[in-house]
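Chain naming here is simple, since letters A, B, ... match the order of the sequence lines and numbering starts at 1 in each. These numbers come from a predicted model, not from an experiment.
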Protein chains: 2
Amino acid sequence: MYRIDFNDFFTSAFSVDCILFGYSEGEIKALLIKRAMQPFENLWAIPGDLIYPDEDLEQAAERVLFELTGLNNIAMHQSQTFGKPNRHPQGRVITISYFALLRIEDFEVKASSWAGDVQWVSLKNMPDLAFDHNHILSSTYEMLKLKLQNEPICFDLLPERFTLNEFQQLYEFAFEQAFDKANFRKKIKYIPLIAHDEKQQNVKHRPAKLFSFDKSSFEEETKQNRYTFKM
Amino acid sequence: MYRIDFNDFFTSAFSVDCILFGYSEGEIKALLIKRAMQPFENLWAIPGDLIYPDEDLEQAAERVLFELTGLNNIAMHQSQTFGKPNRHPQGRVITISYFALLRIEDFEVKASSWAGDVQWVSLKNMPDLAFDHNHILSSTYEMLKLKLQNEPICFDLLPERFTLNEFQQLYEFAFEQAFDKANFRKKIKYIPLIAHDEKQQNVKHRPAKLFSFDKSSFEEETKQNRYTFKM
DNA sequence: TTAATTATTGTAATTTGGACAATAATTTAA
DNA sequence: TTAAATTATTGTCCAAATTACAATAATTAA
């Protein structure tokens, strides 16, 4: 059988795309940059760029995110790889998407390098993005929703201290569905939460108690087994 | 900021690795080939090869699998991408892994191209594989186990007609755990099965009834919601 | 002080889950 | 022909989880 020379294959490039999810004002948002460079100049896009030929994938994701948005040292997890031959107008570029969750209010973002702007954009209100980024984003969001049902990652999105209602509203946003308050509280009984004396401020009604996630106790007792959040 | 010329990046290759899972004799197995070519000549490996520069990823996976094992038209799903800079001794090769489940007895495999041999190998008894293939395989197996809990994919592994015990044993193998027979049968009550008149043959005891999965009814009634298999 | 508003807890009926027992259908050996 | 052996299948009981509501508590605003 005829075989092409090995080196003929080394004509493609790889990129990473970094999907950052955050939560504020009752909505899950993604961090986007405005491209100040061709192709797709002036369109919003997921922060991403080419990987150096000798660079590890995860390292590349961290570096690229930092260069474009100023977010430093954000550990991301791989989601999926997108490789339609014509997805990049300038050549064959296969992109590996990474994602992370963070508390919007804990970080400051600042456009740099070829990013003209950076913004948190609600998933309810997503514009047309560069490349196949709408597809990448929605497919990663689906994965996020799956993970929300099986791992206690919602606490990476919520503020350190939150009310049980805020907790519930995050799930209601993600699953586009309302839950009964009393039953929601029963469902989370195996998630170790610390109840604080502190209460919600500046509300026009009875203030709710603030809670925080007890991560160490969760890990110790391997209650992972009991953590399910099928809605 | 200094930017390298775009073309400097086009020095990497990408490959697909095709992980085929099957089930026979009470064990989950993976299809492996024996490499008849450098590097790692004579070692067992996941069937995989380089992707043509203008080829779609999924197509490449199907083509490569066919060329090496004779398995034709197998639809695979993407699992993960592996890209440590030194994972391939001959250059930067990032590999995208795909996987599929099939009934071993329904297909015939035959080594061809640079594959010297093809074998179904039990996951209980895995030798040292070429490249980082042990890592790729075990990480894909973990993903399979997750999926087994949330989607009715076990029926892609079982024969078309199976006993409830065979069904149970597949889960017992995957989760390395024994289940109570009576309770197992209660747990699957939302999975639509067709009970046939036919019975198990050639057993030395009361033969069990044969069942098959009622796929169309499963899809119609969107009982997906109720399908959970937390063990 | 009271109405309005939301937080929090409770109740009762139903469904599910887990441990284990009982019964049924076959084969094999006596 | 029959009884023992073996595995399939179904049933029971009790504890735990789920669901739909109802009741009570703590604030603010008028």
Side-chain angles (χ1 to χ4, degrees), chain A residues 25-26 148-150 152 158-159 161-173 175 177-213 221-231, chain B residues 25-26 148-150 152 158-159 161-173 175-213 221 223-231:
Chain A
E25 294 152 346
L148 277 174
Q149 295 182 331
N150 296 303
L158 290 168
R161 294 186 176 200
F162 49 84
T163 69
L164 296 182
N165 255 353
E166 286 167 350
F167 184 9
Q168 180 173 344
Q169 281 156 16
L170 169 55
Y171 277 88
E172 290 182 336
F173 180 90
F175 297 105
Q177 189 185 160
F179 306 113
D180 180 275
K181 278 188 180 189
N183 296 338
F184 184 89
R185 281 152 201 243
K186 286 178 198 158
K187 224 166 196 171
I188 63 177
K189 83 168 164 177
Y190 291 113
I191 301 176
L193 297 179
I194 300 165
H196 299 278
D197 288 333
E198 205 184 334
K199 290 181 175 172
Q200 214 177 10
Q201 299 292 325
N202 304 322
V203 284
K204 298 191 207 309
H205 51 76
R206 173 178 174 184
K209 205 183 277 186
L210 292 181
F211 292 83
S212 59
F213 177 53
E221 307 185 28
T222 41
K223 283 199 176 139
Q224 289 97 327
N225 310 325
R226 321 220 45 169
Y227 188 93
T228 49
F229 229 86
K230 289 275 175 193
M231 294 291 162
Chain B
E25 295 153 346
L148 278 173
Q149 295 182 332
N150 295 303
L158 289 169
R161 295 186 175 199
F162 50 85
T163 69
L164 295 182
N165 254 355
E166 285 166 351
F167 184 9
Q168 179 172 345
Q169 280 157 15
L170 169 55
Y171 277 87
E172 290 182 336
F173 180 89
F175 297 105
E176 302 179 34
Q177 190 185 159
F179 305 115
D180 179 276
K181 278 188 182 187
N183 296 338
F184 184 90
R185 282 152 200 243
K186 285 181 200 158
K187 225 166 195 172
I188 63 179
K189 81 169 163 178
Y190 291 113
I191 301 176
L193 296 180
I194 299 166
H196 299 276
D197 287 335
E198 205 183 333
K199 290 183 177 172
Q200 215 176 10
Q201 299 292 327
N202 304 321
V203 284
K204 299 192 206 305
H205 51 76
R206 174 178 173 182
K209 205 185 277 186
L210 292 181
F211 292 83
S212 59
F213 176 54
E221 308 186 26
K223 283 197 176 143
Q224 289 96 329
N225 309 326
R226 320 222 44 169
Y227 187 93
T228 50
F229 230 87
K230 289 274 174 192
M231 294 292 160

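When ring centroids are compared, A:Phe184 and A:Phe167 come within the 6.0 Å threshold.
Rounded to whole angstrom, the span from the CD atom of B:Glu198 across to the P atom of C:dT26 amounts to 14 Å. Distance CD (A:Gln168) to C1' (C:dT8): 12 Å, rounded to an integer number of Å. Atom NZ of A:Lys189 and atom C1' of C:dT9 are 14 Å apart (whole Å). What separates CZ of B:Phe184 from P of C:dG17 is a distance of 13 Å, to the nearest Å. As a whole-Å value, the separation of A:Arg185 CZ from C:dT9 P is 7 Å. As rounded to whole Å, 9 Å separates atom P of D:dT10 from atom CG of B:Leu164. Across the protein-nucleic acid pair, B:Ile188 atom CD1 and C:dG17 atom C1' stand 15 Å apart, rounded to whole Å. In this structure, A:Phe179 places its CZ atom 13 Å from P of D:dT18, rounding to the nearest Å.
Between the base of D:dA8 and the side chain of B:Asn165 there is no donor-acceptor pair shorter than 3.5 Å. Taking 3.5 Å as the limit, the base of C:dA7 and the side chain of A:Arg206 contain a donor-acceptor pair of atoms between them.
Of all nucleotides listed (D:dT7, D:dG11, C:dT8), D:dG11 comes nearest to the side chain of B:Ala182. Set against C:dT28, C:dA19, D:dT6, the side chain of B:Asp180 has C:dA19 as its closest nucleotide. Residue A:Lys204 has its side chain nearest to D:dT28 when only D:dT28, C:dG18, D:dA16 are considered.
At the heavy-atom level, B:Lys186 lies under 4.0 Å from base atoms of the strands shown.
The side chain of B:Lys181 contributes no N or O atom lying less than 4.0 Å from OP1 or OP2 of D:dT7.
B:Gln200 and B:Pro207 get closest at one heavy-atom pair: O-CB, 3.3 Å. Of all the heavy atoms in B:Ser212 and B:Phe162, the pair that sits closest is CA-CE2, 3.8 Å.
If A:Lys199 and A:Asn183 are placed on DNA chain D by their nearest nucleotide, the residue sitting closer to the 5' end is A:Asn183. Two residues, B:Val203 and A:Pro207, neighbour DNA chain C, and the one matched to the more 5' nucleotide by heavy-atom proximity is A:Pro207.
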Quiz prompt | Test log, rule side-chain contact (heavy atoms from CB on, under 4.5 Å), inputs B:His196 and B:Ile194 | solution = CA-CA 6 Å; B:His196 299 276; B:Ile194 299 166; 3.8 Å; yes
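At distances below 3.5 Å, not a single donor-acceptor pair connects side-chain atoms of B:Tyr171 with backbone N or O atoms of B:Ala178.
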